[in-house]
Amino acid sequence: MITSTQTLAIILTASICTFLIRVAPFAIFAGREIPAPVQYLGKALPATVMALLVVYCLKSTTFSAPSGFLPQFLAVAVVAVLHLWKGKTLLSIVGGTVCYMILVQVVFPA
């Protein structure tokens, strides 16, 4: 069993590491031009990460019954429509999640 002190130490360590990782690019490139490879990664990685998340979320989809695939595909469609309509990532993620949870809990209960 982990103690409260250990839990606090873990949270503090994770927080400090996250902060340092977030601050590092600003500290490294302060007052300088950002190198071309870093600019390329800044443009390419968001779409790559989103594609990876889509594959991860849909990897266990089954087609044996509508409840196995319909909630996932409808939620993906909601995410796509919201993102194309508003262009807000957080809105797209929350909207898709709410849609999926309603479909799974209410429309297609297990």
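All values derive from a computational prediction rather than experimental measurement.
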Please report the closest heavy-atom contact between [X] and [Y], naming both atoms and the distance.
| X | Y | answer |
| --- | --- | --- |
| Pro71 | Pro66 | CD-O, 3.6 Å |
| Gln39 | Ile34 | NE2-O, 3.2 Å |
| Ala75 | Gly96 | CB-O, 3.6 Å |
| Gly42 | Pro46 | O-CD, 3.3 Å |

Once rounded to the nearest 0.5 Å, what's the spacing between atom [atom1] of [X] and atom [atom2] of [Y]?
| X | Y | atom1 | atom2 | result |
| --- | --- | --- | --- | --- |
| Leu52 | Leu45 | CG | CG | 11.0 Å |
| Trp85 | Leu82 | CH2 | CG | 7.0 Å |
| Ile21 | Cys17 | CD1 | SG | 6.0 Å |
| Met50 | Ile93 | CE | CD1 | 5.5 Å |

So do [Y] and [X] actually touch side chain to side chain, heavy atoms under 4.5 Å?
| X | Y | answer |
| --- | --- | --- |
| Leu70 | Phe108 | yes |
| Pro35 | Phe29 | yes |
| Tyr100 | Val76 | no |
| Ile10 | Ile2 | yes |
| Leu74 | Leu103 | yes |

For Val23, the other hydrophobic cluster members (4.5 Å side-chain criterion, sorted by chain and number) are Leu12, Ile16, Phe19, Leu20
Using a 4.5 Å side-chain heavy-atom cut-off and chaining through intermediate ILVMFWY residues, the residues clustered with Ile11 come out as none
_Please determine whether side-chain contact (heavy atoms from CB on, under 4.5 Å) holds for the pair Leu58 and Phe69, giving the CA-CA distance in whole Å, both sets of side-chain angles, and the decisive distance to 0.1 Å._
CA-CA 9 Å; Leu58 298 178; Phe69 65 91; over 6 Å; no
With a cut-off of 6.0 Å (strictly less than), are more than 12 heavy atoms of other residues, nucleotides or ligands near CZ of Phe63?
-> yes
Taken in chain and number order and not counting sequence neighbours, the residues that satisfy side chain to side chain donor-acceptor pair (under 3.5 Å) with Gln6 are Thr3
Would you say Gln72's side chain and Thr61's backbone share a donor-acceptor pair under 3.5 angstrom?
no
(Q) Hydrophobic clusters here meaning ILVMFWY residues chained together by side-chain heavy-atom distances under 4.5 Å, can you tell me if Val94 and Ile102 are in one? (A) yes
Out of curiosity, does Val38 fall in the hydrophobic cluster containing Ile28 (side-chain heavy atoms, cut-off under 4.5 Å, transitive links)? yes
